[in-house]
Amino acid sequence: MTTTVIRNAGWAILWDATARRHVYRRNVDIAFKDDRIVHAGPGFAGQVDVAIDGASRLVMPGMVNVHTHCMSENIGRGITEELGNPALYMSALYDLKSVFLVGHSMSPDQGHVAGFRAATDMAVSEILLSGGTTVVDLAVPYEGWLDGLAATGIRAVAAPMYRSARWVVRRGNQVEYEWDEAAGRRAFTAALAVVDAAARHPSGRLSGMVSPAQVDTCSESLLRDSLAAAVERGLPLTVHCSQSVVEFQEMARRHGKSPVQWLADIGLLGPHTLLGHTMFVDSQSWVGWWSRRDVPLLAETKTSVAHCPTVFSRYGQTMESFGAYVRAGINMALGTDTQPHNMLEELRTALVLSRIASCDVHLVELADAFHAATVGGTTALGRDDLARIAPGAKADLVLVDLDHPAMQPARDPLRGLVFSAADRAVRDVFVDGRQVVSAGEVTTIDRRAAAERLTRAQHAVMAAVPAVDYARRTADQVSPLSLPLG
Ligand SMILES: [Zn+2]
């Protein structure tokens with residue numbers, strides 16, 4: 001047993017279990033024995049093996065990234081940030097981005113495993129360096145996935161995706177569905193084996209989540225059986241829902257109602273379910289639908305929402321609004337979905353876009369967004385021992401440098417961190433009591449080596465684009481450089 005104490009923390013964000021909220025405290029000791037916090041308050045008097053001077057530190061709970069795709073997104077850096085198809089309501093998901101990422105990630109048996117691992121190493125590095133200590137990794141299972149995740153040192157929830165249909169874009173203005181129920185069933189069985197393996201992983205930091213991929217690509221029976229499998233295992237379920245206008249229209253065409261209302265009809269909503277994105281609800285202005293039921297329905301059923309503002313903002317889209325969802329009583333959680341996997345920038349983006357969408361500064365405030373990035377996430381995951389600093393909780397801790405110039409003046413350090421310094425001021429990170437970031441460097445991952453492998457993987461993905469794209473365009477035609485190369 002090793003006992004570590006962060007002595008006399010200049011500032012700390014502790015969990016007030018009675019009020020169920022984070023609060024600031026000053027000049028406190030935070031002690032943890034191996035993986036568990038044993039003390040959070042003044043004057044720790046127990047035996048100490050390692051003492052850290054906390055005078056110039058903000059000590060905060062590690063955040064939870066409830067929705068991202070580690071295996072693919074970093075491969076698209078410099079390619080996907082400005083893609084969008086106007087004929088598909090600006091989304092790049094179905095054709096432009098998919099020729100780089102979905103094509104890549106949906107074919108794990110074609111020699112891309114090294115690329116998946118490199119992308120995962122880089123993604124997890126970014127999460128840790130920005131104060132995230134838990135990640136929900138939505139991936140198509142590939143060889144070595146669980147061991148690779150565990151080796152990064154992060155706490156990970158493996159969410160192996162499967163589906164009954166895949167999207168096909170033949171002309172650039174229409175998404176078609178190619179159904180293969182039997183293949184979906186086989187992938188479902190394989191995914192459950194991965195979920196069960198995660199729970200047994202010797203690292204003790206992995207768990208699983210049942211993850212039918214998208215509301216529009218999974219049959220009703222596959223969704224119902226997915227929920228049954230989740231309930232049987234006591235695990236949460238996650239599915240992308242209301243992530244594009246195209247998807248909303250398709251579900252309205254099939255069922256005459258919104259994707260959220262259809263999921264309610266088939267029993268999928270509830271405290272066990274985390275919906276990915278859920279931006280294009282019936283009341284969203286791009287959708288133009290007549291009902292106003294989705295947001296209240298999500299609150300009434302205690303369904304959680306994984307809000308990932310950055311990726312949609314690149315298409316000119318926003319939730320309407322994060323603040324309105326919070327005030328309606330929905331359990332909101334935050335994810336990055338894409339690169340950069342910067343939890344602190346994601347928090348800031350969530351706040352800024354919410355204010356623009358609602359024309360209201362006070363509808364949602366930093367305390368709400370920080371709650372979403374921590375306890376909102378753990379509520380969605382069914383964990384009450386993560387993302388809070390209190391005795392008994394896991395020692396997933398982030399130490400921020402109050403002396404960093406970008407934090408000055410450090411009058412309100414959480415504001416300084418989110419609105420100004422972001423990941424630059426994150427200094428040390430502990431997951432399960434083990435230090436994984438030291439003086440701003442990830443100790444568990446060789447980022448330089450991962451970067452080289454990632455660049456090679458990007459070249460391979462770009463070379464394959466003409467074979468995947470419906471118009472046989474090259475990668476440079478789909479995504480030209482931002483400036484002409486003279
Ligand atoms: Zn996603």
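Residue indices begin at 1 and follow the sequence shown. Whatever order the structure lists ligands and atoms in, that order sets their numbers, starting from 1.
A donor and an acceptor atom, one from each side chain of His69 and Asp137, are nowhere located under 3.5 Å apart.
The aromatic ring centres of His67 and His277 sit less than 6.0 Å apart.
For the Zn ion (ligand 1), the nearby protein N/O/S atoms, meaning those under 2.8 Å, are His67 NE2, His69 NE2, His240 NE2, Asp337 OD1.
Residues passing the ring pair (Phe, Tyr, Trp, His ring centres under 6.0 Å) test with Phe280: none are found, sequence neighbours excluded.
Between Val305 and Met319, the shortest heavy-atom distance links the atoms CG1-CE, 4.1 Å.
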Under the criterion side-chain contact (heavy atoms from CB on, under 4.5 Å), I'd like the reasoning laid out for Ser91 against Val246: C-alpha separation, chi angles, the key distance, then a yes or no.
CA-CA 9 Å; Ser91 180; Val246 168; 5.9 Å; no
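With respect to the salt-bridge test (charged N to carboxylate O, under 4.0 angstrom), the residues Glu220 and Arg224 qualify.
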